[in-house]
Amino acid sequence: MKKIPLYIAVLAVVLSIISIYFAKSSSQLVYVDVNKLITGYSKTKIAKAEFDKKANLMKANVDSLVSNWQNELKNYEKERASLSPKELKLKQELLSNKQQQINGYQEAIQKKIQEEDKKVTQTVINDINDYIKEYGKEHNYKIIFGASGGGNIMYADDSTDLTEEVLKGLNAEYDKK
């Protein structure tokens, strides 16, 4: 009979520890640093390298056209004195038209590069979001916040930062593919 209070006390301590553990784990608010995930994700590096290669090729094409036009302009300046007024006017119109075409092409290439960049970035973000969704379900998190340095999370204890853990899992999953 004298041991009953001891058993009750031990049981109360054990139950307290269990309830604190479950309360803490089930209501714990956690976050990931989105910028670190994007820059640390292996797919980002590969996709960026592929994108840079395409963008540089497109820019090289534009640079080649501009260089050709500049050479034609230099030739025009050299020949200018020997051309008739009609030939001068025709050459000026040709150079002007070519410059407008190059400018239009340059704008189209810039737009295409921007669209391609958005597409690549969105693909990476979609992968990260899908992984975090599954990660949250597996680990029974109710909410995983995304911090991006823009002020949406002003302070958080380091113990609530899942960034490195998620990044390791995300890269491991990508490496399997």
Q. Hey, are the side chains of Leu29 and Thr160 touching, using non-hydrogen atoms and a 4.5 Å cut-off?
A.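 No. Closest side-chain heavy atoms not under 4.5 Å.
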query: How about Leu37 and Asp33: do any of their side-chain heavy atoms sit closer than 4.5 Å?
result: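 No - every pair of side-chain heavy atoms lies 4.5 Å or more apart.
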Side-chain donor/acceptor pairs under 3.5 Å, residues 100-117, sequence neighbours excluded:
unit_1	atom_1	unit_2	atom_2	d
Asn103	ND2	Gln99	O	3.4
Glu116	OE2	Lys54	NZ	3.4

Tell me if a side-chain donor or acceptor on [X] pairs with a main-chain N or O of [Y] at a distance below 3.5 Å.
X	Y	result
Ser64	Ala60	no
Thr39	Asn35	yes
Thr44	Ile38	yes

Not counting sequence neighbours, which residues clear side-chain hydrogen bond (donor to acceptor under 3.5 Å, both in side chains) with [X]? List them please.
X	value
Asn71	none
Ser42	Asn171
Asn56	none

Qualifying salt bridge (Lys or Arg N to Asp or Glu O under 4.0 Å) pairs with a residue from [range], counting only residues at least two apart or across chains:
range	answer
residues 160-171	none
residues 70-82	Glu72-Lys98, Glu77-Arg80
residues 37-49	Lys43-Asp127, Lys48-Asp52

*asked:* Side chains of Gln122 and Asn126 only: does a donor on one sit below 3.5 Å from an acceptor on the other?
replied: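 Result is yes, a qualifying pair exists.
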*Do you know which two heavy atoms are closest between Ala47 and Val120, and how far apart they sit?*
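For Ala47 versus Val120, the nearest heavy atoms are CB-CG1, 3.5 Å.
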Query raised in the report: Under the ring pair (Phe, Tyr, Trp, His ring centres under 6.0 Å) rule, what pairs show up with a residue in residues 109-138, not counting sequence neighbours?
Result: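 Found Tyr135-His139.
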Considering only residues two or more places apart or on different chains, which pairs with a residue in residues 34-64 satisfy ring pair (Phe, Tyr, Trp, His ring centres under 6.0 Å)?
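Sorted pair list: Tyr41-Tyr174.
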Query raised in the report: Applying the side-chain contact (heavy atoms from CB on, under 4.5 Å) test to Val32, which of Ile128, Leu162, Leu170, Leu167 qualifies?
Result: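 Testing Val32 for a side-chain contact (heavy atoms from CB on, under 4.5 Å) against Ile128, Leu162, Leu170, Leu167 leaves exactly one candidate, Leu162.
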*Indicate if Ile125 and Ile46 have the same hydrophobic cluster label, given that clusters are the connected sets of ILVMFWY residues with side-chain heavy-atom separations under 4.5 angstrom.*
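Per the 4.5 Å side-chain linkage, Ile125 and Ile46 are co-clustered.
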Hey, any chance Leu73 and Leu83 share a hydrophobic cluster, counting ILVMFWY side chains that come within less than 4.5 Å of each other, even indirectly?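 Yes; tracing contacts between hydrophobic side chains, which count when under 4.5 Å, links both residues.
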Non-neighbouring partners of Tyr31 that pass ring-ring contact (aromatic ring centres under 6.0 Å, His included), sequence neighbours left out: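 Checked Tyr31 against ring-ring contact (aromatic ring centres under 6.0 Å, His included); zero matches.
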Please list every donor-acceptor pair under 3.5 Å in which a side-chain atom of residues 84-92 meets a protein atom from a residue at least two apart or in another chain.
unit_1	atom_1	unit_2	atom_2	d
Ser84	OG	Glu87	N	3.2
Ser84	OG	Glu87	OE1	3.3
Glu87	OE1	Ser84	N	3.0
Gln92	NE2	Tyr76	OH	2.7

request  = List, by chain and then residue number, the residues other than Leu57 in its hydrophobic cluster (Ile/Leu/Val/Met/Phe/Trp/Tyr, side-chain heavy atoms under 4.5 Å); write none if there are no others.
outcome  =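 None, because no other hydrophobic side chain comes under 4.5 Å of this residue.
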Nearest-0.5 Å distance that lies between atom CD in Glu173 and atom CD in Glu134 =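 Going from CD on Glu173 over to CD on Glu134, the span is 8.5 Å.
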